[in-house]
Amino acid sequence: MCGIVGYVGKQEACPILLKGLHRLEYRGYDSAGVSMISGSGELHVYKTKGKVSDLETFLADKDVSGTIGIAHTRWATHGVPCQKNAHPHFSSSGSLSLIHNGIIENYTVLKERLMAKGFNFVSETDTEVLVQLIEYYKVKNKCSLLHAVQCALMQVIGAYAIAVLDKNNPDEIIAARKASPLVIGLGEDEYFLASDATPLVEYTDKVIYLEDGDIAVINRKKGVHIVTIGNEEVDHEVSTVNIDLGMIEKGGYPHFMLKEIFEQPQCIRDCMRGRVNAEATDVRLSAVIDYGEQLINARRFIIVACGTSWHAGLIGKNLIERFCRIPVEVAYASEFRYSDPVIEKGDVVIAISQSGETADTLAAIELARSKGAFVFGIVNSVGSSIARNTDTGAYIHVGPEIGVASTKAFTGQVTVLTLLSLCIAKEKGTITPEELHNALIELSQIPDKMKEILKLNDGLADLSKIFTYAHNFIYLGRGFNYPVALEGALKLKEISYIHAEGYPAAEMKHGPIALVDAEMPVVVVATNMQLYEKILSNIQEIKARQGKVIAFVVKGDDTISKVVDYAIELPVTVDYLYPLLAVVPLQLLAYHIAVCKGKDVDQPRNLAKSVTVE
Ligand code: G6P
């Protein structure tokens with residue numbers, strides 16, 4: 001949520017800041033702003049409602065000079081999206097400007113205190129309190145900006161990543177982090193700051209990830225100096241980022257989402273690389289080798305996640321229970337963190353997150369660890385907070401995901417969950433070598449089968465035109481396909497704003513069937529051969545009420561295909577791998593319906609990709 005960019009060095013700051021904001025726009029896009037200190041010492045703040053492109057238009061006739069600056073793209077929490085609530089915020093005297101990602105929970109108390117001391121507020125945000133509080137301490141204590149920031153942050157309850165400029169010190173940015181990510185990029189006599197590494201990679205691959213409680217002084221001449229709120233020195237290692245520019249650009253596709261859907265065959269290969277041997281007889285995850293005792297002897301797994309990652313978790317439950325015979329619970333991280341869960345010896349928590357920064361998932365991990373659980377992370381974003389706060393884990397290696405609606409991260413997560421369950425099962429002896437070999441052969445064929453499905457793209461684009469009229473959709477699936485139905489429905493509502501419900505197919509009779517009429521499209525993932533007759537009956541029930549059925553069936557199917565309105569054939573695989581195949585046409589269907597409806601696919605309204613507030 002909210003994107004932060006900063007720059008100090010030899011170049012003009014504004015173009016670098018705007019480019020950085022474009023890269024971070026997936027984090028929030030209801031308003032945007034920049035602040036620079038010009039060569040003559042003026043502190044300028046320019047901000048506007050709307051996207052970064054609106055900010056660019058707004059800046060056309062402004063003085064945007066200066067080689068130091070900060071910039072922000074907002075996802076509103078406190079106060080509607082409008083110019084006055086956009087960041088950066090000025091302090092009362094106009095000498096400080098500040099940007100913030102997170103929530104200051106005690107802002108009303110702090111605001112009242114500051115108002116009693118004569119401070120005026122122009123916005124409805126929690127953020128403005130911070131900049132005024134910093135100014136208050138700076139004047140009262142006649143101290144440096146760093147010291148004033150330290151004094152202010154001691155008063156603050158909540159989550160923040162902030163960056164502050166002081167017009168009296170045009171060489172320095174102060175940045176601080178607690179529970180919201182920040183990374184510093186190290187160039188040649190120039191320094192970058194951002195919420196994640198994507199805005200930095202075209203300038204440098206050397207980065208420092210700030211930790212909670214860190215305050216960084218980023219000085220044009222003296223470089224980067226990190227201390228704690230209590231002013232203790234902190235020494236962080238410099239990491240190397242492995243992202244190339246092609247990974248974060250559209251590469252000829254009209255949208256990131258479509259590019260990312262099409263990347264999935266390669267992503268699955270990347271995810272399996274080095275983990276499955278060429279003969280497909282062995283699977284190895286370094287975490288299972290290093291922490292075998294905790295994982296193989298786990299009494300129970302508890303999967304915590306949000307959104308699409310939670311759907312992957314539901315599939316993970318089925319996989320682990322099937323192959324390892326270990327019970328698994330799946331919890332929304334936001335519920336788990338406040339649920340006083342019973343955690344006992346031998347419980348292992350698996351946290352799944354694309355961004356590695358989701359606030360609720362991080363809090364769930366903290367709670368689980370405080371109760372003695374061993375925590376395994378399944379994360380995409382390398383070096384992210386979740387990756388660093390788990391005992392061990394496995395990256396999904398699908399590369400940066402920019403489209404707000406998650407696609408390749410889902411299939412990457414399901415692939416890692418498949419590998420994890422097979423790996424533990426192998427070590428535990430709950431799978432025979434022959435079963436393992438068959439599973440790995442099937443898994444290694446998934447990328448090519450996905451490619452087959454991607455050839456359906458044009459047909460699905462045509463099909464989607466028929467359904468732009470719909471205000472509601474139902475998605476049904478059973479067993480391994482039930483979470484796929486949930487994910488298909490989520491994709492559609494996220495980007496097309498059509499109301500969609502995912503349901504276990506048989507459960508439909510207990511409510512949703514009341515909604516079915518000739519207007520209602522019902523998507524059925526009907527690839528379960530073991531439950532074929534049951535699914536067929538569920539479809540008949542919908543047809544008897546004139547519902548329009550779009551069914552995804554196994555290649556060669558000749559029964560369901562005849563009953564439904566539209567049948568789309570998928571390549572043959574085993575039941576537990578169908579989620580990896582069946583989700584792809586659902587992603588494409590949602591994508592094309594949204595495009596037909598003229599929606600902003602990569603930046604759907606009200607959503608953000610990285611949810612760093614609870
Ligand atoms: C947001 C995103 C979703 C994502 C969810 C969990 O809602 O829009 O695509 O599934 O957060 O995010 P995570 O990064 O933890 O997987």
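First listed ligand is number 1; within each ligand, the first listed atom is number 1. Just the heavy atoms: all of them, side chains too, but no hydrogens, waters or symmetry mates, feed the values below.
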Report, one line per pair, each donor and acceptor closer than 3.5 Å where one atom sits in a side chain of residues 589-599; sequence neighbours left out.
{"from": "Tyr591", "atom 1": "OH", "to": "His255", "atom 2": "ND1", "distance (Å)": "2.7"}
{"from": "His592", "atom 1": "NE2", "to": "Asn457", "atom 2": "OD1", "distance (Å)": "2.6"}
{"from": "Lys597", "atom 1": "NZ", "to": "Thr468", "atom 2": "O", "distance (Å)": "3.3"}

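Side-chain atoms of Lys609 and Arg27, non-hydrogen and from C-beta on, never get closer than 4.5 Å to each other.
Not counting sequence neighbours, Phe480 has no partner by the ring-ring contact (aromatic ring centres under 6.0 Å, His included) test. Partners of Trp310 according to the ring-ring contact (aromatic ring centres under 6.0 Å, His included) rule, which considers only residues two or more places apart in sequence or in another chain, are Tyr332.
Geometrically, Arg605 engages Tyr497 in a cation-pi contact, judged by NZ or CZ lying under 6.0 Å from the ring centre and within 45° of the ring axis.
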Ligand-protein N/O pairs under 3.5 Å (ligand 1):
{"from": "ligand 1", "atom 1": "8 (O)", "to": "Ala608", "atom 2": "O", "distance (Å)": "3.1"}
{"from": "ligand 1", "atom 1": "9 (O)", "to": "Val404", "atom 2": "O", "distance (Å)": "3.4"}
{"from": "ligand 1", "atom 1": "10 (O)", "to": "Thr308", "atom 2": "N", "distance (Å)": "3.0"}
{"from": "ligand 1", "atom 1": "12 (O)", "to": "Thr358", "atom 2": "OG1", "distance (Å)": "3.4"}
{"from": "ligand 1", "atom 1": "14 (O)", "to": "Ser353", "atom 2": "OG", "distance (Å)": "3.3"}
{"from": "ligand 1", "atom 1": "14 (O)", "to": "Gln354", "atom 2": "N", "distance (Å)": "3.3"}
{"from": "ligand 1", "atom 1": "14 (O)", "to": "Ser355", "atom 2": "N", "distance (Å)": "2.7"}
{"from": "ligand 1", "atom 1": "14 (O)", "to": "Ser355", "atom 2": "OG", "distance (Å)": "2.6"}
{"from": "ligand 1", "atom 1": "14 (O)", "to": "Thr358", "atom 2": "OG1", "distance (Å)": "3.4"}
{"from": "ligand 1", "atom 1": "15 (O)", "to": "Ser353", "atom 2": "OG", "distance (Å)": "2.6"}
{"from": "ligand 1", "atom 1": "15 (O)", "to": "Thr358", "atom 2": "OG1", "distance (Å)": "2.5"}
{"from": "ligand 1", "atom 1": "16 (O)", "to": "Ser309", "atom 2": "OG", "distance (Å)": "2.6"}
{"from": "ligand 1", "atom 1": "16 (O)", "to": "Gln354", "atom 2": "N", "distance (Å)": "2.7"}

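Environment of CZ in Arg284: sparse, with no more than 12 heavy atoms of neighbouring residues, nucleotides or ligands closer than 6.0 Å.
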